[in-house]
Protein chains: 2
Amino acid sequence: MMDNSVGFSEPNPHSACGHHVLGDDCRFCSIRRLSICSALDQEELSFLEGMSGDSVFEEKSTLFREEDESISVYNVTSGVVRLVRSLPDGRRQITGFALPGDFLGLALQKQWKFSAEAVTDVKACRFKRSTFDDFSEQKPHLMKRMHEFATHELSLAQDHMVLLGRLTAEEKIASFLMVMKRRWTRVEGHELGLIRLPMGRQDIADYLGLTIETVSRVINQMQRDRRLVIVPDGIRFIDAAYFEQHAIA
Amino acid sequence: MMDNSVGFSEPNPHSACGHHVLGDDCRFCSIRRLSICSALDQEELSFLEGMSGDSVFEEKSTLFREEDESISVYNVTSGVVRLVRSLPDGRRQITGFALPGDFLGLALQKQWKFSAEAVTDVKACRFKRSTFDDFSEQKPHLMKRMHEFATHELSLAQDHMVLLGRLTAEEKIASFLMVMKRRWTRVEGHELGLIRLPMGRQDIADYLGLTIETVSRVINQMQRDRRLVIVPDGIRFIDAAYFEQHAIA
DNA sequence: GCCCTCCTTTGATTTGCATCAATGCTGTCG
DNA sequence: CGACAGCATTGATGCAAATCAAAGGAGGGC
C-alpha cells in the first residue's frame with residue numbers, strides 16, 4: 001500500500017548507515033514496511049511522527065527492566081535487543097531477540113513483563129505510551145495491526161515452546177540459525193551469505209535453554225562436520241540442505 | 001461495567017451443571033465475566049448471540065487440526081481443551097490448556113497454528129470466523145479486548161518458555177500445579193480444596209516438556225514427601241507453603 | 001465375575017547435557 | 001609490548017531425566 005519506495009539499503013540523506021534516523025522523517029524510514037507503521041496513511045504517519053522521539057541505546061545498556069513501568073513504547077529501527085526473563089537465582093531465559101521493525105510495548109499494561117537489553121548499539125523510535133495508546137484507541141486499523149503483531153508473536157512463542165520442550169541441542173541450534181537467516185533476510189531485504197549473530201554464545205544458550213558450553217560444542221561440531229563455517233559476527237552455511245532438514249518449524 | 005450479576009455458580013434455569021447452555025442466552029452465561037464477551041454491552045451481546053451457535057465435543061475428539069482452515073472461532077464454556085503442536089516424528093508439545101472462558105481464534109488468520117483436542121467433554125460457543133471478524137472490525141472495544149487477551153496469552157507464553165527452558169522437573173510440576181489451582185479458582189469463582197487435573201499424565205508431560213514417567217515419579221515422590229495427596233481427578237495440597245516456594249512465576 | 005484395554009506407577013539402566021575445570025583467543029589499555 | 005578482561009572453546013566428570021522394561025490398577029463390556 002502507498003509509497004513502497006523505501007526499500008533502498010543505499011545510504012539515504014538522513015543517515016550514514018542506510019537506516020532512518022528517527023523523529024526525523026518517517027517517509028525515509030527503511031524499516032517502515034516491516035513495522036507497525038505500515039498500517040498508517042500519510043496523515044497518520046505525520047501525526048505519529050510529531051509525537052515520536054528517537055532513542056539511542058549503546059551496546060549492553062538496558063532499555064527497560066521487567067519491573068519498570070512502561071512509560072514509553074519502542075519501534076526498533078536498528079540493532080538487536082534481547083528480551084529477558086530472569087529468575088531470582090540468576091537463571092535467565094531469553095524469550096526473543098528484537099530486530100529492526102520489531103515493536104516493544106504491544107501489551108496494554110503499565111508494567112513490562114520482561115527486560116530489554118541492547119545486544120548491539122540500538123536505535124529506536126520512542127512513543128509516550130499514554131499518547132500512543134490514545135492514538136491507537138482512535139485508529140482501529142492501528143489497533144488491528146498491533147493485534148496482528150501480537151498474534152504473530154504468539155505463534156512464534158509457540159514455535160519456541162516446541163523448541164524448548166521437545167528439540168535436542170542440535171535441532172535447537174539448527175532451528176535457531178534457520179530462523180535468524182530468515183529474519184535477517186527479511187530485514188535486509190535480500191539474502192546475505194552470512195548469518196549475523198551479534199549476540200554472544202551465552203545469549204544463544206539462554207535463548208535455546210542450553211548452556212554456553214553446549215552451544216559452543218554443537219556449533220563447533222557442525223563446523224568440524226563441514227555444515228557451516230564460523231566467521232566474525234556470525235556463521236556461514238556450507239551444507240544448507242542439512243539445516244533445512246534438521247531445523248524444525 | 002453493566003450487569004455483573006452473573007457470578008452465580010448455583011444451577012441456573014438453563015443447565016443442570018451450573019454452566020450456561022450456549023446459543024441459548026448470553027445473559028445467563030456463567031463464564032461471560034471471564035470471556036471476551038465481557039467487553040460487550042447488552043445490544044452487542046444480543047447481536048453476537050444471534051450469530052453464535054453452540055458446539056459440543058466429546059472427550060478425545062478434535063475441535064480442529066493445525067493444518068485446518070479456521071472457519072469458526074470458539075469460546076470454551078465448559079470442559080478442557082488441549083492445544084497441541086506436533087512434530088512429524090510424533091513428538092508433541094502442548095502449548096496450553098483452554099478452560100472455560102478461554103477463546104480459541106485470536107489470530108486473524110485463515111489457518112490454525114495448533115490443534116485443539118477435547119480433554120473432557122467440551123461445550124463451546126461457536127462463531128463463524130468471517131462474521132465474527134466483521135463484527136470485531138466494527139467494534140473497536142471488542143478488538144481491543146481481543147488484543148488484551150492476545151497480549152495476556154503472550155505473557156503466559158513467556159512464563160511457559162521460562163518453565164520449559166530453565167526449570168527442573170520438580171519446579172515444572174510445582175509451577176504447573178500452582179497455575180492450575182489459580183486458574184480453576186478463577187473459573188469456579190471460589191477456591192476448591194481439590195486441584196482438578198482432568199488431563200492425563202501424558203498431557204502433563206507434553207505440556208511441561210517431560211516424559212510421562214518423570215511426571216509420575218515426581219508427583220508420587222511429592223506424595224511420599226507429604227506435599228500433596230493424589231485423589232480421583234486431581235490432587236490436593238498438604239504443604240501449600242512448599243508449592244508457594246518451589247513454583248516459579 | 002473375569003478379561004481386556006488403557007493408563008499409571010515403579011525399577012533398572014542409559015545418555016545427553018550440565019557442571020566443573022582449564023586453556024585459548026581477541027581486543028584494549030597502561 | 002605485555003598484562004588483563006571478557007568471551008569462546010575444549011576436556012573430564014557427574015547427574016537429572018530419558019529410555020527400556022515390567023507390573024499395577026481402574027473401568028468397561030460381556
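Just so it is clear, the structure is predicted and the values come from calculations on it, not from any experiment. Numbered from 1 within each chain, the chains take letters A, B, ... in sequence-line order.
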(Q) Does dA17(D) have OP1 or OP2 under 4.0 Å away from a side-chain N or O of Thr211(B)? (A) no
Q) Does Glu191(B) have any side chain to side chain donor-acceptor pair (under 3.5 Å) partners at least two apart in sequence or in another chain, and if so, which? A) Lys181(B)
Q: Please identify each residue that fulfils salt bridge (Lys or Arg N to Asp or Glu O under 4.0 Å) with Glu59(A), with sequence neighbours left out.
A: none
(Q) Can you measure Gln223(B) atom CD to dT10(C) atom P for me and round it to whole angstrom units? (A) 8 Å
Q.
Check this for me: Arg186(B), atom CZ, are more than 12 non-hydrogen atoms of other residues, nucleotides or ligands nearer than 6.0 Å?
A. no
Q: Could you tell me the separation between the CG atom of Leu208(A) and the C1' atom of dG16(C), rounded to a whole number of Å?
A: 16 Å
Q.
Just to be sure I understand the geometry, which residues of residues 165-173 of chain A put a non-hydrogen atom under 4.0 Å away from DNA chain C?
A. Thr168(A), Ala169(A)
Q | Contacts of Arg91(A) that satisfy side chain to side chain donor-acceptor pair (under 3.5 Å) - sequence neighbours left out | A | Asp89(A), Glu171(B)
Q) Which residue pairs pass the ring-ring contact (aromatic ring centres under 6.0 Å, His included) test when at least one of the two sits in residues 199-236 of chain A, sequence neighbours left out? A) Phe97(A)-Tyr207(A), His160(A)-Tyr207(A), Phe176(A)-Tyr207(A)
Q) For DNA chain D, whose closest nucleotide is more 5', that of Ile230(A) or that of Val215(B)? A) Ile230(A)
Q | Nearest-angstrom distance from the residue atom CZ of Arg91(A) to C1' of dC17(C) | A | 16 Å
Q. Which pairs pass salt bridge (Lys or Arg N to Asp or Glu O under 4.0 Å) with one or both residues in residues 75-88 of chain A, sequence neighbours excluded?
A. Arg82(A)-Glu117(A), Arg82(A)-Asp203(A), Arg85(A)-Asp159(B)
Q) Can you list the residues that meet the side chain to side chain donor-acceptor pair (under 3.5 Å) rule with Ser216(A), with sequence neighbours excluded? A) Asn220(A)
Each nucleotide N or O in nucleotides 4-8 of chain D that has a protein N or O under 3.5 Å away: list the pair and distance.
residue : atom : partner   : partner atom : Å
dA8(D)  : OP1  : Arg201(A) : N            : 3.2
dA8(D)  : OP2  : Arg201(A) : N            : 3.1

Restricting both atoms to N or O, compile the protein contacts to nucleotides 11-14 of chain C shorter than 3.5 Å, with distance only.
residue : atom : partner   : partner atom : Å
dG11(C) : N7   : Arg217(B) : NH1          : 2.8
dG11(C) : O6   : Arg217(B) : NH2          : 3.2
dA12(C) : N6   : Arg217(B) : NH2          : 3.4

Q. Distance from Leu177(A) atom CG to Leu228(A) atom CG, nearest 0.5 Å?
A. 6.5 Å
Q | Of all pairs that satisfy ring-ring contact (aromatic ring centres under 6.0 Å, His included), the ones with a partner from residues 61-91 of chain A, not counting sequence neighbours | A | Phe57(A)-Tyr74(A), Phe64(A)-Trp112(A), Phe64(A)-Phe114(A)
Q) Quick one: Gln221(B) CD to dT9(C) C1', roughly how many Å, whole number? A) 13 Å
Q) To the nearest Å, how far apart are Met222(B) CE and dT8(C) P? A) 17 Å
**Q.** Listed partners of Ser86(A) passing side chain to side chain donor-acceptor pair (under 3.5 Å), at least two apart
**A.** none
**Q.** Pairs touching residues 225-246 of chain A that satisfy side-chain hydrogen bond (donor to acceptor under 3.5 Å, both in side chains), sequence neighbours left out
**A.** Glu170(A)-Tyr242(A), Gln221(A)-Asp225(A), Arg227(A)-Asp239(A)
